[in-house]
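Notes follow the structure.
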Amino acid sequence: MRWTQTFIPTLKETPAEAEILSHRLLLRAGLIRKLTGGLYTFLPMGLRVLQKVERIVREEMNRAGAIEVLMPALQPPEIWKQSGRYESAQDVFFKAHDRTKREWILGPTHEEVITTLVAGEISSYRQLPRNFYQIQTKFRDEIRPRFGLMRAREFVMKDAYSFDVSDEAAQVSYQKMYDAYVSIFRRCGLRALPVEADTGVMGGQHSHEFMVPAEVGESDIVYNEAGSYAANIEKASSGLKPPFPDPASAEAQPAVEKFATPDVKTIEALAQAPYSVPPSRQIKTLVYIAEDQPILILLLGSDQLNEAKLAAVIGTTTFRAASANEVFETLGAHPGSLGAIGVSGPKIYADSMLKNGSGLTTGANEDGFHLRHVCVERDLSVSEWADLRTVKEGEPCPVTGEPLKLQAAIEVGHVFKLGTKYSENIGALFLDANGKQAPAVMGCYGIGVTRTLQAVIEQDHDDKGIIWPIGIAPFTVCVTALDIDPGSPAMQTAESIYSALSDRGIEVILDDRDERPGVKFKDSELLGFPVRVAVGARSLKENLVEVKPRTGELQKVSPDSVVDVVVAWIEAHQIPCTP
RNA sequence: CGGGGCGUAGCGUAGUCUGGCUAGCGCGCGUGGAUCGGGACCACGAGGUCGGGAGUUCGAAUCUCCCCGCCCCGACCA
């Protein structure tokens, strides 16, 4: 490819619309352009990278035995009603209407479509297992598109769906995908960490997310140094023991005592003099409305509620924090003086850290008053104990006991063990060896392809620009001709190096623009080509050209040997298909 | 949806508070010159519904109201 024959609109200045580095570089390097918020055009260089990531995904999916299909982007609402997700997924739908006003859904995901297909085509255990995948554009009405490709209204996703005869078989399919994902991200040069994840709205039983540690990441992961434990913060638990070891001592505690706390509205205020009750000796009482019913959640004052854990415990995702009015209706006091003592109506969920708790302080359900000397088991009627708190950095790992690390990360992939929810609702049933009908056991596996591309940039760049790994760089080598006069030795040499590298199967771009050397060098660094070969009169006088790996040392070699040098460098630095 | 910020040429911006003549600058773009190994230089030039609409005023980029869009923080996800 010749630079002048393609379209690479690089930007010297940073567009105001981009906040994070990877987004800026996507724009500046001329990889993408915005149409409007959350919608982007892939320009030639961006498209090449996208296609390379897709190629790696295809190779690894095929290798893992998955079968490629392509499903419609437009979907009928009926299948969503059938799976039972029509209502719960409302918020993410982009909808379209045809001339008869009939409603259509632009697919945010494809469980319903694939399960409908399988329901019609698969009827025997002899046809299983099967794993279908596609690379498709998904549409989601994001609350807030942001960070360029990171969270867009429309994005390219690889999604795979496995169908198995049993849980055990499904576990095998799951593991194959898990392993394929490890390979895919490794080959993209991404340091993606598999972490235990919450299943959220997918309603699955078991799941891992593939996370790329990055400051701009939208979720937090928790892990230990040894690498034996890693989980999404929503799922993470710690090895922390409740601070109240001895249940017997509770009986020896003094009776509950009410005391005045005028103007105290927060945990922090109660921790100050004259009260001086440390947060870890307070009970935090939260009021939530779950499926229209108020519930109470009790935590240590020093802990934060983890809503994903709460969802798992109460078995629904339709809940929210109660409004100040609802709180008052429920408990007769305003936030700041809330407690669960004497409360009988709402269910009370208590975090395990409160187990055997004594000598605690809580709100009196009377504005301006608190209660002290509270013993949890003695004074409170807890409906259910559970792990409801959010893990904090430095707490002991549940596996090894070493201090946990906390890190922001970008989710690039997610694997779920789904079970039979969709196959049952949509009727993806098969006959087993005994002639008995059973729903296929499913798994689903997603990779944000466009997001992965951006995550690579976010992970590997410097002040000059992008640093692509060889496997997904738009071109592997950039031959920079410092003199483009067709008769000049520099251009002739550049041309012959360009053809020779192309003949060796190397993807090479020849910078044949009528630009000053500085411009060409800056652009090749901004675009992040792994190797640059500069050909100019100055070096050529000594019969030399310059080989400069994007992140390595400049090397002067003869034009005759440059192809071998470059090929050898590539072979030494590319990421192999298998580790 | 709540909170904050912004909208002036392809891009980055000054001017807006405190209304006043042909709306200024840098990059990029065009022509010419000089130069020819790190976004260099000189000259000339093209390019603007000042996000849109309504209003106030002798006069609006500037003040008022309504609308639209974008960016950032929170709830959502690949």
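Computed over heavy atoms, backbone and side chain alike; hydrogens, waters and symmetry mates excluded. Numbers restart at 1 for each chain; the letters A, B, ... are given by sequence-line order, proteins then strands.
Within the nucleic acid shown, A:T450 has no heavy atom closer than 4.0 Å to any nucleic acid atom. Residue contacts for A:R532: at a heavy-atom cut-off of 4.0 Å it reaches a base atom on one of the strands shown.
With hydrogens and angles left out, the side chain of A:E515 and the base of B:G38 share no donor-acceptor pair within 3.5 Å. Between the side chain of A:R513 and the base of B:G39, no donor-acceptor pair of N or O atoms lies under 3.5 Å. One can find a donor-acceptor pair under 3.5 Å joining the base of B:G37 and the side-chain atoms of A:S539. Evaluation of atom-type donor-acceptor distances gives no pair under 3.5 Å for the side chain of A:E13 against the base of B:G28. For A:D523 and B:G39, a side-chain-to-base donor-acceptor distance below 3.5 Å is present, hydrogens and geometry of angles not being considered.
Where A:I447 and A:K522 each meet RNA chain B at their nearest nucleotide, the meeting point lying more 5' is that of A:K522. Comparing A:T10 and A:R151 by the nucleotide of RNA chain B whose heavy atom lies nearest to each, the residue mapping closer to the 5' end is A:T10.
Pair check for B:C1 finds B:G74; Watson-Crick or G-U wobble, both atom distances under 3.5 Å. Under the Watson-Crick or G-U wobble criterion, with both distances below 3.5 Å, B:C63 is paired with B:G55. Base pairing annotation: B:C44 forms a Watson-Crick or G-U wobble pair with B:G30, both donor-acceptor distances under 3.5 Å. Nucleotide B:G7: paired with B:C68 (Watson-Crick or G-U wobble, both distances less than 3.5 Å). In this structure, B:C50 makes no Watson-Crick or G-U wobble pair, since no nucleotide meets both defining distances under 3.5 angstrom. Taking a pair to require two hydrogen-bonding distances under 3.5 Å in either a Watson-Crick or a G-U wobble arrangement, B:U35 remains unpaired.
The closest side-chain heavy-atom distance from A:T109 to A:Y161 is below 4.5 Å.
Considering only side-chain atoms of A:M157, the nucleotide from B:C71, B:A78, B:G37 that sits closest is B:A78. Side-chain proximity of A:F416 to B:C70, B:G12, B:A78: nearest is B:A78. Counting only heavy atoms from C-beta on, A:F147 has its side chain closest to B:C72 among B:C71, B:C72, B:G39. Between B:G39, B:G12, B:A78, one nucleotide has an atom nearer to the side chain of A:L526 than all others, and that is B:G39.
Nucleotides B:G32 and B:A46, compared at atom C1', are 15 Å apart to the nearest Å. Between B:C25 and B:G15, the distance separating the two P atoms is 15 Å to the nearest Å. Between the C1' atoms of B:G48 and B:A54, the separation comes to 23 Å (whole Å). On the C1' atoms, B:A40 is 15 Å away from B:G33, given to the nearest whole Å. The same atom, C1', is picked in B:A61 and in B:C72; the two are 25 Å apart, to the nearest Å. Comparing B:U35 with B:G7, their C1' atoms are spaced 40 Å from each other, to the whole Å. Here the separation of B:U64 from B:U18, taken at their P atoms, is 9 Å to the nearest Å. Rounded to whole Å, the P atom of B:A23 lies 14 Å from the corresponding atom of B:A9.
The side chain to side chain contact (heavy atoms under 4.5 Å, CB included) test with A:I105 singles out one residue from A:F94, A:F139, A:W80, and that residue is A:W80. Checked against A:L31 for a side chain to side chain contact (heavy atoms under 4.5 Å, CB included), the options A:L43, A:L527, A:I8, A:L25 give a single hit: A:L527. A side-chain hydrogen bond (donor to acceptor under 3.5 Å, both in side chains) with A:Y181 is found for one member of A:K158, A:E60, A:H208 and no other, namely A:K158.
Under the 6.0 Å distance and 45° angle rule, A:R48 counts as a cation-pi partner of A:F475.
Within the 4.0 Å cut-off from OP1 or OP2 of B:G12, not a single side-chain nitrogen or oxygen of A:K12 is found. Using a 4.0 Å cut-off, no side-chain N or O of A:R451 falls inside it from OP1 or OP2 of B:C77. The shortest distance between the side-chain N/O atoms of A:K548 and the OP1/OP2 oxygens of B:G38 is not below 4.0 Å. The side chain of A:T36 contributes no N or O atom lying less than 4.0 Å from OP1 or OP2 of B:G69. In this structure, A:R28 does not reach the B:G12 phosphate: none of its side-chain N or O atoms is under 4.0 Å from OP1 or OP2. Between A:R144 and B:C73 there is a side-chain N or O to OP1 or OP2 distance below 4.0 Å.
Stacking of A:F521 onto the six-membered ring of B:G39 is not present when judged by under 5.5 angstrom between centres and under 30° between planes.
The aromatic ring centroids of A:F147 and A:H23 lie 6.0 Å or more from each other. Between A:Y445 and A:F416, the ring centre distance reaches or exceeds 6.0 Å.
Ion pair A:E142/A:R153 not flagged as a salt bridge, since none of the NZ, NE, NH1 or NH2 atoms sits closer than 4.0 Å to an Asp/Glu carboxylate oxygen.
In this structure, A:L27 places its CG atom 21 Å from P of B:C27, rounding to the nearest Å.
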